[in-house]
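Below is one structure, written out as structure tokens, with a few remarks after it.
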Amino acid sequence: MAEVAVPNDRNNPYETALENFDAAADALDLPESIRAMIKYPERVLIVALPVRMDNGEVRCFTGYRVQHSTARGPAKGGIRYHPQVTLDEVKALATAMTWKCAVVNVPFGGGKGGVTCNPKEMSPSELERLTRRYTASILPLIGPEKDIPAPDVYTNPQMMAWIMDTYSMMRANGYPVWGVVTGKPLSVGGCAGRDEATGRGVFYTLECALEHLRIPMKGAQVVLQGFGKTGSVAALLLHSHQAKVIAVSDTRGGVYSDKGLDIPQLVEYKRKTGSVAGFPGGEPISSEDLLALECEVLIPAALENAINGDNAKRVRAKVIAEAANGPLTREADTILEGKGVFIIPDILCNAGGVTVSYFEWVQNQQHMSWDLHEVHERLEQVLKRAFWEVVELRSQRSVSMRLAALMLAIQRVADAVKVRGLYP
Ligand code: NAD
């Protein structure tokens, strides 16, 4: 069976993305000429961003916008503000967005942006000036038909509203161009249900996986690492469908109960205290012990590389739902595949967010808005269809879920390039 590499501490994430591409392209037997056209980013822009700080000084930040592919539609992908943002990281994330959009078959390509900065040390007005300057600097690339940014790590709906406003001022005399960015507040063309979309998508793919493996949802024991926007929504949905969430952790600690935790109460407890640690409805557990619990489903919903060569051997789950991006290192992936664990790969499992971003853009382009019920129904349809397509390819080709998802995505991009006549 061909192996797909997943991020590893020692690896450059972009090198890993290229290795993964090669593994899937080999399995697809893609000709060299077409590989060369879809493997590397189409456009890379690096911008210098002078910003006046509140103390009067001017600081110059570095920003990036990468369009990996526009073969199937406008580039789509978030903007990350983080001190460790590098060009290679942005290229890797843009590449992943191409495959994520293709695997769920939404008509977008892949892009990503980033600014190397520490938003935790910046005031709201400094962040506003930075965001507006960044938008002005990447203006040649973005637009509703070209490249549509969204929030990512440490960027939020308010910043998306500033991007929309700056673009509208510079390109449309102030008339609002809602479709230039997604993840906006509802008052400026945001989409109902965007906040919970990723966690809901994790739930839908898990529903399919349990059905596929003939594991009843009712009473299935679930363990979650990370209880933020994604993890808490998935936990609530699992709880309301009678799964038994037995352990949950966040940065401050974990909580465990073999009888199952009361998730609505836990959400309320976290809202009040800022953490799940100390929840009276269970006993404390460390993040490492939590990963080793016997359970049907393990959901890493926190960080990259959370499951690695050191702890993968202890994992006793039957299914892993990769809610986080890249939560398994390459070594962990090999160990867990070897143990026969069913893995729902990140590009499929957490694609609910980009799918609802696509719905937001569609509504913006059509000047209409859908109700929450419609968003949920369409999201379920898109993710479940993608899940079964990946399962079918996996069984046809006897490959892992991860490789099957990537093969499906790459084939779709290659087909688009071919029929457009771009193929030499
Ligand atoms: P978030 O910041 O809301 O939540 C992250 C959670 O992980 C928090 O509860 C935090 O305390 C916890 N955490 C961090 N380090 C931990 C550790 N060492 N042990 C246990 N818990 C830890 O972020 P989110 O939006 O829920 O994103 C979570 C993951 O999902 C990320 O990998 C992100 O890239 C991925 N993702 C999110 C979206 C989205 O739309 N939010 C979309 C696609 C992928």
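Fair warning: this is a prediction, and the values are worked out from it, not measured in the lab. For ligands, and for the atoms within them, numbers begin at 1 and follow the listed sequence.
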field: No-hydrogen, no-angle side-chain donor-acceptor test under 3.5 Å, Arg385 and Asn105
entry: no

Review point. Do Lys91's NZ or CZ and the ring of Tyr14 fall within the cation-pi criteria of under 6.0 Å and 45°?
Key: yes

The protein heavy atom nearest to atom 4 (O) of ligand 1 is Gly228 CA, 3.2 Å

Within the 4.0 Å heavy-atom cut-off, what Thr230 brings close to ligand 1 is both

Checking heavy atoms under 4.0 Å, the part of Ala323 that sits near ligand 1 is backbone

Does a donor on one side chain and an acceptor on the other come within less than 3.5 Å for Thr329 and Asn305? no

- With a 3.5 Å cut-off and no angle check, do the side chains of Asp54 and Ser125 form a donor-acceptor pair? yes

Within 4.0 Å of some non-hydrogen atom of Ser287, the atoms of ligand 1 are 19 (N), 20 (C)

Logged contact type for Ser275 with ligand 1, heavy-atom cut-off 4.0 Å, is neither

- prompt: Do you see a donor-acceptor pair shorter than 3.5 Å between the side chains of Ser249 and Tyr256?
  reply: no

Notebook entry, point to check: Is any N or O atom of Thr198, backbone or side chain, closer than 3.5 Å to an N or O atom of ligand 1?
Noted result: yes

Quick note on ligand 1: atoms under 4.0 Å from a heavy atom of Gln225 include exactly 19 (N), 20 (C)

Rounded to the nearest 0.5 angstrom, the OG-CE distance for Ser69 and Met37 is 9.5 Å

Check: In terms of side-chain heavy atoms, does His376 have a donor or acceptor partner in Glu380 at a distance below 3.5 Å?
Finding: no

Any N or O of Ala302 that comes nearer than 3.5 Å to an N or O of ligand 1? yes

query: Do the side-chain N and O atoms of Glu374 and Gln363 include a donor-acceptor pair separated by under 3.5 angstrom?
result: no

For Ala324, the ligand 1 atoms with a heavy-atom partner under 4.0 Å come out as 29 (C), 30 (O), 32 (O), 35 (C)

Distance col, row Gln221:CD vs Cys295:SG, nearest 0.5 angstrom, shows 7.5 Å

Atom 16 (C) of ligand 1: closest protein heavy atom, distance to 0.1 Å, is Thr251 CG2, 3.7 Å

Exercise for review: Before signing off on this row, confirm whether Gly231 and ligand 1 have an N or O atom pair separated by under 3.5 Å.
Suggested key: no

### Message
Taking distance alone, with N or O pairs closer than 3.5 Å, would you say Lys100 contacts ligand 1?
### Response
no

Side chain proximity check, Tyr64 to Val44, heavy atoms < 4.5 angstrom:
no

* **Distance-only polar pair, side chains of Ser257 and Glu283, donor-acceptor under 3.5 Å** => no

Taking only non-hydrogen atoms of Ser249 and a 4.0 Å limit, the atoms of ligand 1 in range are 20 (C), 21 (N)

Counting heavy atoms under 4.0 Å, the part of Asn325 that contacts ligand 1 is both

Does any donor atom in the side chain of Thr155 or Arg80 lie under 3.5 Å from an acceptor atom in the other side chain?
no

closest protein heavy atom to atom 12 (C) of ligand 1 is Gly226 CA, 3.8 Å

*Judged by modelled atom types alone, do Thr135 and Thr166 share a side-chain donor-acceptor pair under 3.5 Å?*
no

For atom 28 (C) of ligand 1, the closest protein heavy atom turns out to be Ala301 O, 3.4 Å

Note: ligand 1 atoms sitting under 4.0 Å from heavy atoms of Phe227 are 6 (C), 9 (O)

Near Asn350 (heavy-atom distance under 4.0 Å), the atoms of ligand 1 are 43 (C), 44 (C)

Here the atoms of ligand 1 under 4.0 Å from any heavy atom belonging to Lys270 are 9 (O)

Looking only at protein heavy atoms, what sits closest to atom 18 (N) of ligand 1 is Leu303 CD1, 4.0 Å

Among non-hydrogen protein atoms, atom 23 (O) of ligand 1 lies closest to Lys229 NZ, 4.1 Å

